[in-house]
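Hydrogens, waters and symmetry mates are skipped; everything else that's a heavy atom, side chains included, is used. As the structure is a computational prediction, the values presented were derived from the model and not from experiment.
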Amino acid sequence: MGKEKIILTGDRPTGRLHIGHYVGSLKRRVELQNSGEYDKVFIMIADAQALTDNVDNPEKVRQNVIEVALDYLACGIDPAKSTIFIQSQIAELCELTFYYMNLVTVSRLQRNPTVKTEIQMRNFETSIPVGFFTYPISQASDITAFKATTVPVGEDQKPMLEQTNEIVRRFNHIYGEVLVEPEILLPDNAACLRLPGTDGKAKMSKSLGNCIYLSDTAEEVQKKVKSMYTDPDHLRVEDPGKIEGNTVFTYLDAFSRPEHFERYLPDYANLDELKAHYQRGGLGDMKVKKFLGAIMEEELAPIRARRLEFEKDIPAIYEMLKKGCEEARATAANTLAEVRKAMKIDYFDDTELIAEQVKRFSGK
């Protein structure tokens with residue numbers, strides 16, 4: 001029998017999930033969950049990691065745990081097929097992180113490109129919280145605790161996976177083959193690798209107000225699409241327009257399919273034709289935005305409807321999360337037991353050690 005195929009993925013509960021999360025990971029998770037290719041799927045609400053840069057605002061994290069859970073269910077994550085759990089409720093992850101800290105140098109963490117970018121983004125350059133600085137080690141703990149073989153993430157998380165694999169290789173070299181080296185699974189649509197904000201900025205962010213949330217109303221979505229950043233030099237309909245850096249076309253790359261043209265824009269056979277017309281001039285931004293708005297509503301309406309249904313029974317959502325935490329903790333506990341045995345710190349379970357010490361001291 002071959003090695004189990006296991007997925008571990010998740011999100012920080014610092015706000016409602018948006019369409020960047022959806023095209024970058026959520027949609028793919030549902031496909032992977034339903035593919036039958038994986039033996040287990042673990043999906044983590046990373047509240048402990050969220051606290052590394054929200055330590056003075058625990059209520060923000062606390063409130064958004066349920067928001068993320070609702071978004072998961074609305075998108076099609078099925079608790080019967082995927083184990084949804086809350087990171088802070090799995091105490092074993094903290095212990096694994098503590099042991100892994102001995103396998104990583106400070107200079108190696110400082111070289112991690114993702115860590116450097118995140119530190120700059122949060123203005124932590126002069127005063128970096130230790131918990132935030134070491135979160136690549138915590139992430140390695142999350143992944144290895146469940147012996148994940150596959151981690152679906154965006155391109156920006158590649159350095160984190162490399163760090164995890166370094167920890168796995170070093171641990172296994174010192175203590176024996178216990179931990180599993182995971183593989184990264186990137187989005188198969190290049191436009192989904194990192195969807196920009198509606199204002200054209202590289203990252204969607206709640207603080208920047210440039211997100212389309214999965215729970216937005218139809219009116220909110222349409223308003224955001226209409227105000228979306230396009231080509232600032234495309235002032236008149238007849239002007240040639242640029243599609244590079246044009247947020248509307250980036251979103252069309254991520255969301256549009258051939259059947260959308262049949263339904264909403266039959267004058268064009270496909271996206272290439274639409275792009276060509278825009279580039280040579282004669283196509284207005286509002287017509288393209290109206291097309292994108294129709295696509296977005298088709299995609300988000302079912303998600304919105306399902307979320308409203310799940311919101312009717314919040315206690316059931318917490319019960320689902322509690323059960324998921326129990327399942328996740330059992331798995332993590334098994335891995336931790338193997339780690340403790342390999343590191344020779346399972347003193348009370350090691351009968352050979354006890355017998356050896358009896359023999360050693362009885363000879364005195």
Task: Shortest non-hydrogen contact between Val180 and Thr144, atoms and distance - done: O-CG2, 4.4 Å
- [ ] Could you tell me whether a side-chain N or O of Glu4 sits under 3.5 Å from a main-chain N or O of Lys40, the two making a donor and an acceptor?
- [x] no
Task: Heavy-atom check, side chain of Ile19 versus side chain of Tyr213, under 4.5 Å - done: no
Open item on the list: With rounding to the nearest 0.5 angstrom, report the CG to NE2 distance, Leu274 to His260.
Closed with: 13.5 Å
- [ ] Before giving the answer on side-chain contact (heavy atoms from CB on, under 4.5 Å), spell out for Cys75 and Arg29 the whole-Å C-alpha distance, their side-chain angles and the decisive distance to 0.1 Å.
- [x] CA-CA 9 Å; Cys75 285; Arg29 285 179 206 172; over 6 Å; no
Task: Set of side chain to side chain contact (heavy atoms under 4.5 Å, CB included) partners for Glu327, sequence neighbours left out - done: Thr83, Lys323
Task: Side-chain donor or acceptor of Asn270 paired with backbone N/O of Glu273 under 3.5 Å - done: yes
Open item on the list: Working to the nearest 0.5 angstrom, can you tell me the gap between Glu338 CD and Tyr175 OH?
Closed with: 15.5 Å
- [ ] Please check if the side chain of Ser227 supplies one atom and the backbone of Lys224 the other of a donor-acceptor pair under 3.5 Å.
- [x] yes
Task: Salt bridge Arg307-Glu311, side-chain N to carboxylate O under 4.0 Å - done: yes
Task: Main-chain N/O of Ala50 paired to Asn54 side chain as donor or acceptor, under 3.5 Å - done: yes
- [ ] Would you mind reporting whether Gln110 and Val115 have side-chain heavy atoms less than 4.5 Å apart?
- [x] no
TODO: Nearest 0.5 Å please: distance from the CZ atom of Arg263 over to the CD1 atom of Ile295.
DONE: 9.0 Å
TODO: For Asp47 and Ser88, indicate whether the former's side chain and the latter's backbone hold a donor-acceptor pair under 3.5 Å.
DONE: yes
Open item on the list: Counting C-beta onward and ignoring hydrogens, is there a side-chain heavy-atom pair between Arg16 and Leu214 closer than 4.5 Å?
Closed with: no
TODO: Quick one: list whatever passes side chain to side chain contact (heavy atoms under 4.5 Å, CB included) with Ala145, sequence neighbours left out.
DONE: Leu93, Leu96, Ala332
TODO: Report whether Ile243 and Tyr229 are members of the same hydrophobic cluster (ILVMFWY, side-chain heavy atoms less than 4.5 Å apart, transitive linking).
DONE: no
Open item on the list: Check this for me: does any side-chain nitrogen of one of Glu297 and Arg304 sit under 4.0 Å from a carboxylate oxygen of the other?
Closed with: yes
Open item on the list: Please determine whether the number of non-hydrogen atoms from other residues, nucleotides or ligands lying under 6.0 Å from atom NZ of Lys341 exceeds 12.
Closed with: no
TODO: Answer yes if Val130 and Tyr100 sit in the same cluster of Ile, Leu, Val, Met, Phe, Trp and Tyr residues linked by side chain heavy atoms under 4.5 Å apart, and no otherwise.
DONE: no
Task: Shared hydrophobic cluster, Val106 / Tyr135 (ILVMFWY, side-chain heavy atoms < 4.5 Å) - done: yes
Open item on the list: Whether the Lys201 and Asn210 side chains hold a donor-acceptor pair (N or O, under 3.5 Å, no angle test) is what I'd like checked.
Closed with: no
- [ ] Measure the OG1-CD distance between Thr150 and Glu37 for me, rounded to the nearest 0.5 Å.
- [x] 9.5 Å
Open item on the list: Applying salt bridge (charged side-chain N to carboxylate O under 4.0 Å, His left out) to Arg12 and Asp53, what does each step give before you reach the verdict?
Closed with: CA-CA 11 Å; Arg12 290 158 44 97; Asp53 58 328; 2.8 Å; yes
- [ ] Provide the closest heavy-atom pair for Thr247 versus Gly197 in the form atom of the first, atom of the second, distance.
- [x] CG2-O, 3.5 Å
Task: Glu183 CD: over 12 foreign heavy atoms closer than 6.0 Å - done: no
- [ ] Could I get the full list of side chain to side chain contact (heavy atoms under 4.5 Å, CB included) partners for Asn246, not counting sequence neighbours?
- [x] Thr230, Asp231, Val248, Phe249, Tyr278
Open item on the list: So Ile7 and Leu185, do their side chains get closer than 4.5 Å, heavy atoms only?
Closed with: no
Task: Close side-chain approach of Glu326 and Phe85, heavy atoms under 4.5 Å - done: no
Task: Pairs flagged by ring pair (Phe, Tyr, Trp, His ring centres under 6.0 Å) wherever residues 7-49 is involved - sequence neighbours left out - done: His18-His21, Phe42-Phe146
Task: Full working for side-chain contact (heavy atoms from CB on, under 4.5 Å) between Lys290 and Lys226 - done: CA-CA 8 Å; Lys290 185 178 179 182; Lys226 285 178 182 176; over 6 Å; no
TODO: Check the angle between the aromatic planes of Phe255 and Tyr251 and answer parallel, tilted or perpendicular using the 30° and 60° thresholds.
DONE: tilted
Open item on the list: Would a single hydrophobic cluster contain both Phe310 and Tyr318, if residues Ile, Leu, Val, Met, Phe, Trp and Tyr are joined by side-chain heavy-atom contacts under 4.5 Å?
Closed with: yes
TODO: Identify the two heavy atoms, one from Pro13 and one from Val68, that lie closest to each other, and give their separation to 0.1 Å.
DONE: CA-CG2, 3.8 Å
TODO: In plain terms, say whether Asp39 and Lys147 are close enough for a salt bridge, that is, a side-chain N and a carboxylate O under 4.0 Å apart.
DONE: no
TODO: Supply the atom-to-atom distance Thr134 OG1 to Gln139 CD, rounded to the nearest 0.5 angstrom.
DONE: 11.5 Å
TODO: Identify the two heavy atoms, one from Gly20 and one from Met204, that lie closest to each other, and give their separation to 0.1 Å.
DONE: N-SD, 3.8 Å
Task: Test item: Glu181 side-chain N/O and Arg169 main-chain N/O as donor-acceptor pair under 3.5 Å - done: no
TODO: Would you please test Val178 and Phe171 for side-chain contact (heavy atoms from CB on, under 4.5 Å) and show each step?
DONE: CA-CA 8 Å; Val178 174; Phe171 183 96; 3.9 Å; yes
- [ ] Using the side-chain contact (heavy atoms from CB on, under 4.5 Å) rule, pick out the option among Glu162, Gln157, Lys158 that qualifies with Thr114.
- [x] Gln157
Open item on the list: Quick one, Val225 and Ile212 - any side-chain contact, counting heavy atoms below 4.5 Å?
Closed with: yes
Open item on the list: Does Glu259, at its CD atom, have more than 12 non-hydrogen atoms belonging to other residues, nucleotides or ligands within less than 6.0 Å?
Closed with: yes
Task: Spatial distance of atom CD (Gln87) from atom CG (Asp11) [nearest 0.5 Å] - done: 11.5 Å
Task: Intermediate values then yes/no, side-chain hydrogen bond (donor to acceptor under 3.5 Å, both in side chains), Glu59 and Gln63 - done: CA-CA 6 Å; Glu59 193 61 31; Gln63 294 295 332; 2.5 Å; yes
TODO: Output the rest of the hydrophobic cluster of Val61: all Ile, Leu, Val, Met, Phe, Trp and Tyr residues reachable through side-chain heavy-atom contacts under 4.5 Å, sorted by chain and number.
DONE: Leu51
Task: Under-4.0 Å salt bridge between Lys223 and Asp216 - done: no
Task: Heavy-atom side-chain contact between Tyr347 and Ile345 under 4.5 Å - done: yes
Open item on the list: Between Lys275 and Asp253, does any side-chain N to carboxylate O distance fall below 4.0 Å?
Closed with: yes
Task: Minimum side-chain heavy-atom gap Lys27-Glu299 below 4.5 Å - done: yes
Open item on the list: Looking at Arg257, I want to see if its CZ is surrounded by more than 12 non-hydrogen atoms of other residues, nucleotides or ligands under 6.0 Å.
Closed with: yes
TODO: Please lay out, stage by stage, how Val104 and Gln163 fare under the test side-chain contact (heavy atoms from CB on, under 4.5 Å).
DONE: CA-CA 9 Å; Val104 183; Gln163 187 104 63; 3.7 Å; yes
Open item on the list: Would a single hydrophobic cluster contain both Ile174 and Val339, if residues Ile, Leu, Val, Met, Phe, Trp and Tyr are joined by side-chain heavy-atom contacts under 4.5 Å?
Closed with: yes
Open item on the list: Between Lys242 and Asp233, does any side-chain N to carboxylate O distance fall below 4.0 Å?
Closed with: yes
Task: Partners passing ring-ring contact (aromatic ring centres under 6.0 Å, His included) against Tyr99 (at least two apart in sequence or in another chain) - done: none
